[in-house]
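Here's the structure, in structure tokens; my notes come after.
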Protein chains: 2
Amino acid sequence: MPDSLHRFKAEVFQALAHPTRIAIVELLRDGPVSAGKLIEQLGIEQANASQHLSVLRAKQIVLNRKEGNQVLYSLRDPILSEVLDIMRRYFQAHISGTLAALGEIEKAETVGR
Amino acid sequence: MPDSLHRFKAEVFQALAHPTRIAIVELLRDGPVSAGKLIEQLGIEQANASQHLSVLRAKQIVLNRKEGNQVLYSLRDPILSEVLDIMRRYFQAHISGTLAALGEIEKAETVGR
DNA sequence: TTTGTCTATTCTTATATTCGAATATACTAT
DNA sequence: ATAGTATATTCGAATATAAGAATAGACAAA
């Protein structure tokens, strides 16, 4: 039954399908970071960050351990950094088209008009 | 502003964050396939498949071209297959844990109880 | 033109996600 | 104990996504 594989992958993608959560994964790339530091870097509400961390925890993207007063988060598997690296290449290969598709650009389209 | 990059990546992940759409991408791995063939392989409602294809089109994951009566879909960039390959490795590395996390297993947890 | 086949869109309903605000819990220090 | 700091959870409102049913459009064959 291949669909449980698909479901699993879909859940991982779903967990990564938010700008804040991608930012979190990238911040964890070089080693564990405390929740507080993450919140500071992200510049968002504490509760909101905590919710996103909760999503990543639920899908086992990140691990957390208490360190005295605070909670250290880390990437469970660096393989996920690889995925983001590939996404970076993908992005670079398609910048113009994808930015346009995302509605980030309306200029340069009207050059020939 | 790094956040537009994050937004872009998040949108791609979002597009892939559904079992049916993952299945579609995998079916397109070895070359273009018609919408009809896809629907047949997926075994879902025609309308539903078409909606998922629409999502993939909107995010530029797939390309489509009319071929007489039908519409041929293809992967825009095979790099996405790579991503799925990596996901497969990720999955294999964490099967038991992730299945448990996805609630697919309750057995073997009660061994020591 | 009419009919049949293939594909896309729209509509509705059900469910999920996201956010901020408020609250709760855990640990440290006094 | 009490107070302070760090983190998590709960709640409610707004928005997004998913599915089937029904409909529409595009092309091919007669």
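In what follows, every heavy atom counts, from backbone to side chain, and hydrogens, waters and symmetry copies are set aside. All chains are named by letter (A, B, ...) in the order of the sequence lines, taking the proteins before the strands, and each is independently numbered beginning at 1. Bear in mind the structure is a predicted one, so any value in this text is a computation, not a measurement.
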How many angstroms lie between atom [atom1] of [X] and atom [atom2] of [Y], to the nearest 0.5 angstrom?
| X | Y | atom1 | atom2 | answer |
| --- | --- | --- | --- | --- |
| L53(A) | I61(A) | CG | CD1 | 12.0 Å |
| L84(A) | L16(A) | CG | CG | 6.5 Å |
| S81(B) | I86(B) | OG | CD1 | 11.5 Å |

With sequence neighbours left out, what residues match N69(B) under side chain to side chain donor-acceptor pair (under 3.5 Å)? none
Partners meeting side chain to side chain donor-acceptor pair (under 3.5 Å) with E67(A) (sequence neighbours left out): R65(A)
Rounded to the nearest angstrom, tell me the gap between atom [atom1] in [X] and atom [atom2] in [N].
| X | N | atom1 | atom2 | answer |
| --- | --- | --- | --- | --- |
| Q14(B) | dA16(D) | CD | P | 11 Å |
| Q70(B) | dA26(D) | CD | C1' | 13 Å |
| K59(B) | dA16(D) | NZ | C1' | 11 Å |
| R65(A) | dT7(D) | CZ | P | 13 Å |
| R7(A) | dA18(D) | CZ | P | 15 Å |
| Y73(B) | dT7(C) | OH | P | 9 Å |
| Q41(A) | dA6(D) | CD | P | 15 Å |
| L16(A) | dT18(C) | CG | P | 12 Å |

Rounded (10°) bend between the five-pair end axes of the helix from dT1(C)-dA30(D) to dT30(C)-dA1(D):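 Inter-axis angle at the termini of the helix from dT1(C)-dA30(D) to dT30(C)-dA1(D): 20°.
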Does R21(A) reach the main-chain N or O of A15(A) with its side chain, forming a donor-acceptor pair under 3.5 Å? yes
Return no unless some side-chain N or O of R57(B) is found under 4.0 Å from OP1 or OP2 of dT9(C).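 So the side chain of R57(B) is within the cut-off, an N or O lying under 4.0 Å from OP1 or OP2 of dT9(C).
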Flag yes if I24(B) and Y90(A) sit in one hydrophobic cluster, no otherwise; membership is Ile, Leu, Val, Met, Phe, Trp, Tyr, and two members link when side-chain heavy atoms are under 4.5 Å apart. yes
ILVMFWY network linking L72(B) to L63(B), side-chain heavy atoms under 4.5 angstrom: no
Sub-3.5 Å pairs of nitrogen or oxygen atoms, protein against nucleotides 25-30 of chain C:
residue : atom : partner : partner atom : Å
dA26(C) : O3'  : K66(A)  : NZ           : 3.3

Which listed nucleotide (dT18(C), dT9(C), dA8(D)) is nearest to the side chain of R21(A)?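 It is dT18(C).
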In residues 22-38 of chain B, which residues come under 4.0 Å of DNA chain D by heavy atom? none
Within residues 36-87 of chain B or reaching into it, pairs that qualify as ring-ring contact (aromatic ring centres under 6.0 Å, His included) - sequence neighbours excluded: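 Every pair satisfying ring-ring contact (aromatic ring centres under 6.0 Å, His included) with a residue in residues 36-87 of chain B: H18(B)-H52(B).
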Under the salt bridge (Lys or Arg N to Asp or Glu O under 4.0 Å) rule, collect the residues that match up with E82(B), sequence neighbours excluded. R89(A)
Quiz: residues 31-40 of chain B side-chain donor-acceptor pairs under 3.5 angstrom, not counting sequence neighbours:
residue : atom : partner : partner atom : Å
S34(B)  : OG   : K37(B)  : N            : 3.1

Letter per nucleotide, 5' to 3', of nucleotides 19-24 of chain C [B base touched, S only sugar-phosphate touched, - untouched; heavy atoms, 4.0 Å]: BBBB--
Hey, could you give me each pair passing salt bridge (Lys or Arg N to Asp or Glu O under 4.0 Å) that has a residue in residues 26-36 of chain B? Not counting sequence neighbours.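 Residue pairs passing salt bridge (Lys or Arg N to Asp or Glu O under 4.0 Å), neighbours aside: K9(A)-E26(B), R29(B)-D85(B).
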What is the minimum heavy-atom distance between K59(A) and E11(A), and which atoms define it?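 Distance-wise, the nearest heavy atoms are CE-OE1, 3.0 Å.
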Closest heavy-atom pair and its distance - I22(A), A10(B):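 Closest pair (atom of I22(A), atom of A10(B), distance): CD1-N, 3.4 Å.
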